[in-house]
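In what follows, a single structure is set out as structure tokens and then discussed.
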Amino acid sequence: MTLASYFNPATFQNVSHPSHAYMQPTGGEPPAAAHLDAALEKGGKIVQFALVMLGNQFSRAVDIEPIGLAGKVGIALAAAFALLALAFLLKARRRPDLWGAALPWLALGGTAIAACAMVSLGRSGMMGLHRSLTPRYMSMALYLGVALVPLALLWARALLAGPRLARLRPAAARGLTAILAAFVAIQGIYWLYGAQRMDRHRQARLHARTNLLLINFFQPDQMVRLDATREFVREGANKLDALGLLDPPLFKDRRLENFKTSKSPLADSRGEFRLSASASADREGGR
């Protein structure tokens with residue numbers, strides 16, 4: 001369904017609106033193919049893009065520069081996965097049961113790494129490195145962290161199963177408990193940051209919703225987005241409004257009666273009056 005929506009299956013050419021295809025013209029090459037040469041010219045960026053994607057899930061916190069931290073975390077996660085995969089592979093003949101238990105988790109972690117590599121190959125040529133931190137890419141990378149937990153537990157259990165290391169099992173259990181407790185505690189930082197970002201996202205959505213309701217009367221002030229052209233958004237919004245699919249519908253005029261009056265006072269941080277340059281000059285001249 002996705003391929004049919006974006007590409008002609010016979011020619012593999014773009015059939016979607018350029019705003020949805022990184023400004024690639026309709027009938028042209030898919031964006032990833034069109035920018036593949038630019039990506040291959042900077043192979044180091046492809047690797048860096050993928051590593052930042054892998055570490056994205058552990059790099060979001062207040063007052064932390066995420067790209068540098070995500071790259072380091074990505075290296076650590078990829079190295080840990082590679083070492084565990086090699087260790088299980090070396091044990092495969094002598095411990096087929098251990099290999100069988102680890103194989104699904106190795107497949108899950110490998111899928112995450114492969115997905116990040118594919119995205120990096122297709123996107124690093126047309127995007128800056130900061131785009132590797134896009135939240136939707138995190139949904140691909142987080143499976144590596146998920147896979148590492150059971151893989152590490154399986155390997156630790158296999159090491160401590162022998163009689164020689166039996167006396168270390170209580171200490172290992174306490175150490176593992178401490179590591180898990182520290183890991184959960186660290187998540188509090190990310191949860192707090194996530195709550196702040198959710199509030200900002202909600203405010204941005206309300207802002208965008210207001211812009212949409214008034215799209216026929218004002219040029220929206222908005223962030224630069226792929227679909228940011230007023231004409232494109234207005235055309236689509238009016239079509240949806242005519243079909244009754246917008247709730248609330250677009251405003252038909254600019255009268256204040258369109259807005260509900262609230263009796264609760266607005267916090268000082270949520271409202272302000274802005275004077276235009278001409279109004280400000282008139283007020284200054286009247287003093």
Side-chain angles (χ1 to χ4, degrees), residues 1-3 5-7 14 16 18-24 29-62 64-82 105-149 151 183 186-187 189-202 204-205 208 223-228:
M1 182 180 294
T2 302
L3 291 176
S5 300
Y6 284 89
F7 307 117
N14 176 43
S16 61
S19 293
H20 292 300
Y22 300 95
M23 305 315 296
Q24 288 297 111
E29 286 185 300
H35 295 86
L36 184 59
D37 290 341
L40 293 176
E41 288 177 0
K42 300 179 180 179
K45 185 181 178 183
I46 297 176
V47 176
Q48 190 176 10
F49 200 99
L51 291 174
V52 172
M53 278 187 63
L54 289 173
N56 187 3
Q57 55 191 304
F58 298 111
S59 63
R60 301 304 185 100
V62 181
I64 291 180
E65 197 284 311
I67 292 181
L69 177 61
K72 296 175 183 177
V73 173
I75 293 174
L77 293 177
F81 180 80
W105 302 109
L106 291 172
L108 184 64
T111 299
I113 293 176
C116 291
M118 291 176 62
V119 171
S120 301
L121 184 62
R123 294 290 182 262
S124 63
M126 71 180 84
M127 295 179 174
L129 191 58
H130 67 283
R131 292 298 296 273
S132 58
L133 295 173
T134 303
R136 65 177 178 270
Y137 294 156
M138 190 188 300
S139 63
M140 307 175 191
L142 62 85
Y143 293 108
L144 177 59
V146 170
L148 283 173
V149 174
L151 287 174
F183 178 77
I186 291 174
Q187 300 313 302
I189 300 174
Y190 301 116
W191 293 334
L192 291 174
Y193 180 73
Q196 294 179 11
R197 298 299 297 181
M198 286 175 63
D199 183 62
R200 293 184 185 180
H201 185 74
R202 176 179 175 275
R205 288 291 183 181
M223 296 182 296
V224 177
R225 293 176 54 87
L226 296 176
D227 305 338

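Position 1 is the first residue of the sequence, and the numbers go up from there.
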For the residue pair Gly109 and Ala147, what are the closest heavy atoms and their distance? N-CB, 3.7 Å
Measure the spacing between CZ of Phe81 and CD1 of Ile113 and express it to the nearest 0.5 Å. 5.0 Å
Which residues pass the side chain to side chain contact (heavy atoms under 4.5 Å, CB included) test with Tyr143, sequence neighbours left out? Leu108, Ala112
Under 3.5 Å, which donor-acceptor pairs link side chains of residues 43-54 to any protein atom two or more places apart or in another chain?
from  : atom 1 : to     : atom 2 : distance (Å)
Lys45 : NZ     : Ser124 : O      : 2.9
Lys45 : NZ     : Met127 : O      : 2.6

Got a second to check how far Leu151's CG is from Leu106's CG, nearest 0.5 Å? 5.0 Å
Can you check whether Trp105 reaches Leu148 side chain to side chain, under 4.5 Å on heavy atoms? no
So CE of Met140 and CD of Gln57: to nearest 0.5 Å the spacing works out to 13.5 Å
Distance (rounded to the nearest 0.5 Å) between Ser132 OG and Met138 CE: 10.5 Å
Separation of Ile75 CD1 from Leu77 CG (nearest 0.5 Å): 10.5 Å
